[in-house]
Amino acid sequence: GRLYVNKVFNISAEKMFELLFTDSHFMRRFMNARKITNASFAPWQSEASGAMKRSLNYTIAITNPLVGKFSTATENQILYKESREGQYYLVDAEVYTHDVPYHDYFYTQNLYCIIRHSKHKCRLRVYTDVKYKKQPWGLVKSFITKNSWSGLEDYFRHLESELMEEEAELNQGGGDH
Ligand code: YK8
């Protein structure tokens, strides 16, 4: 896998979780900018195991000329029970793209880790992996992997820069941040 984001933000751990994992204005805006449409968010629900789960459905616009222009996607998120409100959040997000070639062979796993640094600071880490449900032919596999990495790199670079803008907005004006 790859570590796409590893950065300390001037945003509390609680606020970071709210920005990324609730139906926040930030996420709505970011999805708009990424041309992610028809988004539906299920609320977080607790599981017998002590973890929380929710799933999202949306349509993504794809710029890759080898693929159609859109794909529907399902993202299943698990907030691990080891998470501690305000301190430490670990979210496993598995993304299935339903309308791309070889969609039944692979999915993407994004692990988001938010760690409290101090009252108003947290570290965000995002660790990403392309997972295979069945083994495709070698050439196809390298094709899927290469195309996935480039899309993911672009997405997380954009997410990091939007979070930096949000950080600047939240911290301006000398409020209680
Ligand atoms: C989530 C991983 C692969 C997929 C795409 C597939 C190409 C197919 C390869 C062929 C288009 C928001 C990606 C990048 C679409 C976007 C997905 C996003 C960024 C030629 C065989 C959507 C995070 C996420 C996870 C997986 C990404 C897809 O929050 O290349």
Side-chain angles (χ1 to χ4, degrees), residues 1-7 9 11 15-44 51-80 83 89-114 122 124-166:
R2 295 187 181 182
L3 191 61
Y4 272 127
V5 181
N6 182 17
K7 194 175 157 44
F9 291 90
I11 297 177
K15 183 75 187 173
M16 183 63 84
F17 180 81
E18 184 197 310
L19 292 176
L20 297 177
F21 298 106
T22 66
D23 191 358
S24 63
H25 285 297
F26 173 81
M27 216 49 200
R28 289 274 169 194
R29 243 186 297 126
F30 182 63
M31 286 178 133
N32 264 343
R34 295 300 304 177
K35 299 201 166 61
I36 295 176
T37 55
N38 301 322
S40 72
F41 300 65
W44 285 104
M52 306 273 276
K53 281 194 180 178
R54 68 167 191 166
S55 45
L56 319 181
N57 287 291
Y58 44 77
T59 303
I60 47 178
I62 299 174
T63 48
N64 190 323
L66 300 171
V67 187
K69 288 199 177 330
F70 299 95
S71 175
T72 56
T74 303
E75 177 163 344
N76 297 322
Q77 299 180 342
I78 301 173
L79 173 64
Y80 283 107
S83 303
Y89 301 82
L90 185 58
V91 177
D92 175 343
E94 294 187 344
V95 182
Y96 297 82
T97 43
H98 305 299
D99 310 304
V100 302
Y102 306 104
H103 61 90
D104 49 338
Y105 282 85
F106 73 101
Y107 64 94
T108 305
Q109 183 182 45
N110 301 314
L111 277 174
Y112 294 80
C113 183
I114 301 169
C122 73
L124 174 66
R125 286 207 180 98
V126 185
Y127 180 80
T128 294
D129 212 353
V130 181
K131 300 274 194 181
Y132 288 87
K133 291 187 280 180
K134 25 182 190 176
Q135 287 303 312
W137 185 44
L139 208 64
V140 169
K141 189 173 176 175
S142 64
F143 190 55
I144 294 171
T145 306
K146 184 175 153 273
N147 280 286
S148 298
W149 286 142
S150 64
L152 286 157
E153 183 176 350
D154 188 54
Y155 180 85
F156 286 115
R157 200 188 293 132
H158 191 182
L159 180 65
E160 185 176 295
S161 87
E162 289 298 314
L163 280 171
M164 286 164 75
E165 290 224 345
E166 185 71 16

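Both ligands and their constituent atoms are indexed starting at 1 by order of listing. Numbers for residues simply follow the sequence, beginning at 1.
For atom 27 (C) of ligand 1, the closest non-hydrogen atom of the protein is Leu152 CD2, 3.9 Å. Taking atom 26 (C) of ligand 1 as the reference point, the nearest protein heavy-atom neighbour is Thr108 OG1, 3.5 Å. Closest to atom 20 (C) of ligand 1, if we only count protein heavy atoms, is Phe143 CE2, 3.4 Å. Atom 3 (C) of ligand 1 has its closest protein heavy atom at Ser148 OG, 3.5 Å. The nearest protein atom to atom 22 (C) of ligand 1, hydrogens excluded, is given as Tyr58 OH, 4.0 Å; this is a heavy-atom distance. For atom 23 (C) of ligand 1, the nearest protein heavy atom (residue, atom name, distance) is Asn110 ND2, 3.7 Å. When hydrogens are left out, the protein atom nearest atom 17 (C) of ligand 1 is Ile60 CD1, 4.4 Å; that is the closest non-hydrogen contact. Closest to atom 30 (O) of ligand 1, if we only count protein heavy atoms, is Asn147 O, 3.3 Å.
For ligand 1, the atoms lying closer than 4.0 Å to a non-hydrogen atom of Pro101 are 21 (C). Residue-ligand proximity, Tyr102 to ligand 1, at heavy-atom distances under 4.0 Å covers atoms 21 (C). Residue Ile144 approaches ligand 1 through these ligand atoms, each under 4.0 Å from one of its heavy atoms: 21 (C).
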Run the numbers on Tyr58 and Glu75 for side chain to side chain donor-acceptor pair (under 3.5 Å), then give the verdict.
CA-CA 8 Å; Tyr58 44 77; Glu75 177 163 344; 2.5 Å; yes

Residues Ile144, Val100; criterion side chain to side chain contact (heavy atoms under 4.5 Å, CB included); working and verdict
CA-CA 10 Å; Ile144 294 171; Val100 302; over 6 Å; no

Evaluate the side chain to side chain contact (heavy atoms under 4.5 Å, CB included) criterion for residues Phe21 and Leu79: first the C-alpha distance (whole Å), next the side-chain angles of each, then the deciding distance (0.1 Å), finally the verdict.
CA-CA 10 Å; Phe21 298 106; Leu79 173 64; over 6 Å; no

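With Val67 as the partner, the side-chain contact (heavy atoms from CB on, under 4.5 Å) test is satisfied by one option alone out of Thr97, Asp99, Asn147, Ile62: Ile62.
Distance remark: protein heavy atom present below 4.0 angstrom from atom 1 (C) of ligand 1. Protein heavy atoms are absent from the 4.0 Å sphere centred on atom 13 (C) of ligand 1.
Here atom 11 (C) of ligand 1 lies nearest to Ile62 when heavy atoms of Val126, Ile62, Val130 are compared. Between the choices Asp154, Thr145, Thr97, the shortest heavy-atom distance to atom 28 (C) of ligand 1 belongs to Thr97. When the heavy atoms of Asp99, Val140, Val67, Leu56 are ranked by distance to atom 7 (C) of ligand 1, first place goes to Val67. Proximity annotation for atom 19 (C) of ligand 1: of Tyr112, Phe156, Tyr155, Tyr155 comes nearest, heavy atoms only. Here the shortest heavy-atom distance to atom 6 (C) of ligand 1, taken over Thr128, Val100, Val95, belongs to Val100.
Atoms CE and OG, on Met31 and Ser24 in that order, are 9.5 Å from each other to the nearest 0.5 Å. Here the straight-line distance linking atom CG of Leu3 with atom CZ of Phe156 works out to 10.5 Å at 0.5 Å rounding. Interatomic distance, CG of Leu124 versus OH of Tyr4, reported as 15.0 Å (0.5 Å rounding). With rounding to the nearest 0.5 angstrom, the OH atom of Tyr155 is 15.0 Å from the CD atom of Glu153.
Surrounding OH of Tyr102 are at most 12 heavy atoms belonging to other residues, nucleotides or ligands under 6.0 Å away. Remark: Lys69 NZ is loosely packed, at most 12 non-hydrogen atoms of other residues, nucleotides or ligands lying under 6.0 Å away. For Lys35, the NZ atom is loosely surrounded, since the number of other residues' heavy atoms within 6.0 Å does not exceed 12.
Ion pairing of Lys15 with Glu18 is present here, as a side-chain N (NZ or NE/NH1/NH2) and a carboxylate O approach within less than 4.0 Å.
No part of Arg34 comes within 4.0 Å of ligand 1, judged by heavy-atom distances.
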